[in-house]
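These notes are about the structure you will find just below.
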Amino acid sequence: MSDLASHKAGLQGIDKEKVNQVIYEASKNSAFYLNEARKDEALNHKTEQLLKKYEALRRQDLSTFNNKVDNLVQAIERKRDLSRTIVHIDMDAYYASVEERDNPSLRGKPMAVGSNSMLSTSNYEARRYGVRSAMPGFIAKKLCPELIIVPCNFDKYHAVAKQIREVFARYDPNYTPMSLDEAYLDITEYLETTDKTPDEIVEQIRKEIHEETKLTASAGIAANMLLSKICSDFNKPNGQYRLPNNINDIMRFIRPLPVRKIPGIGRVTERILKAIDISTCGAILDNSVYLYRMFSSISFNFFIRAALGIGSTTVKSEYKRKSMSISRTFCNLSQPNELFAKLRELVDYLAADLAKEYLHGKTIALTFKSVSFKVTTRERSLKRYIYTADDLYHFGKQVSSI
DNA sequence: GGCCGTTAA
DNA sequence: TAGTTTAACGGCC
């Protein structure tokens, strides 16, 4: 079950067995691990049910659906837009690279950014030991005792984000930032102002980023956001990859691609698809009738679009947030009064954050994580919008005790 | 509408 | 000894 994300950059060619063994030894008696095992069991059950459904379908004659599904696939295909040139740019080992830049004594050594309880990023030296983001520091230390863990310096990462966004804006003023270190650019218009090729322009963007921040970035260039994101991973670190806006090249690229490479398909969906013997995008297309019969139309559409290499081409800078939240892990507490005091602390912060953006909300949700890592949510839609700390506390308290 | 689970950075 | 935080979205009842 301990599941090393070896599809991530920098993790190829390591002794995965050994790494998993060390992680397992460090984890096996923990409440966290027990909870993961429980989730895993639930997933096994789900895949078994799905497999049964699949086997039942295989015994049926599905030819009556072939036409319908072909039409659906063709309708999706007709929406393919090859007119744009979309770039996905991703900074290499972002936080770790910033720290190495500012402290040369860290260079060449395995290091990670974060804390003993959680790592945000690791550099490539640390990745060779199996140390990766979203891994607790204390486990990383077992994999690599020499590992240096540097605390996060968010002010710095924000400052660098500002610098790289200035570069992005030169090529697409409507670029979409996805996080501090990642963005999509539509360079179609920019290309009309120059004789340079897309590859040359992206080399230039990465060069400017390097000159202005002393940090490297990787990039993918393709017809849409889905493909450019996948491509930005291809020549990481400090590289770029271009997939031409051409249906033959796209299909040759996407067919053999493992489904896990599709943004939105994670560990669980990969396992679900694997249960019905689908592990590549090509297999999604070859089994479209089964997917049609087994999944919702939203999921079916998502799978087919991805497997055809069709993605959004609308890169836009406006963003409307739909929710705002705050969460903290704290020492074990069980007395209602202690928990309400925590609630009060959190709503004070949340009210301040809401005020910064002049926001209010109509639904309040409270999430608890128990010592056994089980998560429960309680929520309520209210009659009016709220935003003050007192209201958040009042309704939060109410919701918590439904 | 309420709650759970998945994904991603 | 110890396993984060924030946001969005889909499925299911």
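Chain identifiers are assigned alphabetically (A, B, ...) following the order of the sequence lines, protein sequences preceding nucleic acid strands; residue numbering begins at 1 within each chain. Worth knowing before you read on, the calculation uses all heavy atoms, side chains too, and leaves out hydrogens, waters and symmetry mates.
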Worksheet item: Looking at the side chain of Phe32(A), which of dT4(C), dG11(C), dG3(C) is the nearest nucleotide?
Response: dG3(C)
Discussion item. So Asn35(A), base contact, sugar-phosphate only, or nothing? Heavy-atom distance under 4.0 Å.
Written reply: nothing
Discussion item. Please report the distance, rounded to the nearest Å, between CG in Asn301(A) and P in dC9(C).
Written reply: 16 Å
Worksheet item: If you check every side-chain atom of Ser299(A), which of dC3(B), dG11(C), dG2(B) has the closest atom?
Response: dG11(C)
Discussion item. Main chain of Lys109(A), side chain of Asn123(A): is a donor-acceptor contact present, judged purely on distance under 3.5 Å?
Written reply: yes
Discussion item. Quick check: Tyr95(A) with Phe154(A) (ring centres under 6.0 Å apart)?
Written reply: yes
Worksheet entry | Spacing of Asn332(A) atom CG relative to dT1(C) atom P, expressed in whole Å | 15 Å
Discussion item. Tell me whether the side-chain N/O atoms of Arg328(A) come closer than 4.0 Å to OP1 or OP2 in dT6(C).
Written reply: yes
Discussion item. Once you apply a heavy-atom cut-off of 4.0 Å, does Met324(A) come out as touching a base, just sugar-phosphate, or nothing?
Written reply: sugar-phosphate
Practice prompt. Just call it for Lys374(A): base, sugar-phosphate, or nothing, with non-hydrogen atoms closer than 4.0 Å on any strand.
Written response: nothing
Worksheet entry | Pairs where residues 46-55 of chain A contributes a residue and the test salt bridge (Lys or Arg N to Asp or Glu O under 4.0 Å) is met, not counting sequence neighbours | none
Worksheet entry | Centroid-centroid distance, Phe65(A) to Tyr290(A), less than 6.0 Å | no
Worksheet entry | P-based separation of dA8(B) from dG3(C) [nearest Å] | 24 Å
Fill in: Ser120(A) side chain near dT4(C) phosphate (N/O to OP1/OP2, under 4.0 Å)
no
Worksheet item: Rounded to whole angstroms, how far apart are CZ on Phe373(A) and P on dT5(C)?
Response: 11 Å
Worksheet item: Within the pair Thr376(A) and dC4(B), is there a side-chain N or O less than 4.0 Å away from OP1 or OP2?
Response: no
Worksheet item: Ser296(A) side chain: which of dT5(C), dA7(C), dG11(C) is closest?
Response: dG11(C)
Discussion item. I want to check one thing: is the phosphate of dA8(C), taken as OP1 and OP2, less than 4.0 Å away from some side-chain N or O of Tyr319(A)?
Written reply: yes
Worksheet item: Could you state the CD1-P distance from Ile149(A) to dG3(C), rounded to the nearest angstrom?
Response: 14 Å
Fill in: Spacing between Lys142(A) atom NZ and dA2(C) atom C1', to the nearest angstrom
9 Å
Discussion item. Can you identify which nucleotide, out of dA9(B), dG1(B), dA8(B), has its nearest atom closest to the Arg260(A) side chain?
Written reply: dA8(B)
Fill in: Sorted by number, the residues of residues 154-170 of chain A with heavy-atom contact under 4.0 Å to DNA chain B
none
Discussion item. Measure CD/Glu36(A) against P/dA2(C) and give the value in whole Å, please.
Written reply: 16 Å
Worksheet item: Starting at NZ of Lys322(A) and ending at P of dG10(C), how long is that distance when rounded to a whole Å?
Response: 10 Å
Practice prompt. May I ask you to establish whether Lys397(A) and Phe340(A) are in a cation-pi arrangement, using a distance under 6.0 Å from NZ or CZ to the six-membered ring centre and at most 45° from the ring axis?
Written response: yes
Worksheet item: Between Ser323(A) and dA8(C), is there a side-chain N or O to OP1/OP2 distance below 4.0 Å?
Response: yes
Practice prompt. Let me know the distance between CZ of Phe138(A) and P of dT1(C), rounded to the nearest Å.
Written response: 10 Å
Worksheet item: For the side chain of Tyr157(A) and the backbone of Asn153(A), is there at least one donor-acceptor N/O pair under 3.5 Å apart?
Response: yes
Worksheet item: Is Ser179(A) near enough to dA8(B) that one of its side-chain N or O atoms lies under 4.0 angstrom from OP1 or OP2?
Response: no
Worksheet item: Hey, would you say the Tyr190(A) and Tyr171(A) ring centroids sit under 6.0 Å apart?
Response: yes
Item to complete: Give one of base, sugar-phosphate or nothing for Ala134(A), where a contact means two heavy atoms less than 4.0 Å apart.
Response: base
Discussion item. With a cut-off of less than 4.0 Å, is there a side-chain N or O of Ser30(A) near OP1 or OP2 of dG3(C)?
Written reply: no
Worksheet item: Any donor and acceptor pair, going by atom type alone, linking the side chain of Asn224(A) with main-chain N or O of Gly309(A) inside 3.5 Å?
Response: yes
Discussion item. For dG3(C), does the base pair up with any side-chain atom of Ser27(A) as donor and acceptor (N or O, under 3.5 Å, distance only)?
Written reply: yes
Worksheet item: Is there a side-chain polar atom (N or O) of Thr269(A) under 4.0 Å from OP1 or OP2 of dT6(B)?
Response: no
Worksheet item: Can a side chain N or O of Ser117(A) be found less than 4.0 Å away from OP1 or OP2 on dA2(C)?
Response: no
List the atom pairs, with distances to 0.1 Å, where a side-chain N or O of residues 141-149 of chain A and a protein N or O form a donor-acceptor pair under 3.5 Å, not counting sequence neighbours.
unit_1    : atom_1 : unit_2    : atom_2 : d
Lys141(A) : NZ     : Leu147(A) : O      : 3.0
Glu146(A) : OE2    : Tyr129(A) : OH     : 3.2

Fill in: Position toward the 5' end of DNA chain B (nearest nucleotide), Lys46(A) or Leu180(A)
Lys46(A)
Worksheet item: The side chain of Lys229(A) lies closest to which of these nucleotides: dA9(B), dA2(C), dG1(B)?
Response: dA9(B)
Discussion item. Nearest heavy atom decides the nucleotide; on that basis, is Ser297(A) or Ser325(A) closer to the 5' end of DNA chain C?
Written reply: Ser325(A)
Worksheet item: Would you say the ring centroid of Tyr33(A) lies under 6.0 angstrom from that of Tyr24(A)?
Response: yes
Fill in: Arg267(A) side-chain N/O to dT7(B) phosphate OP1/OP2 under 4.0 Å
no
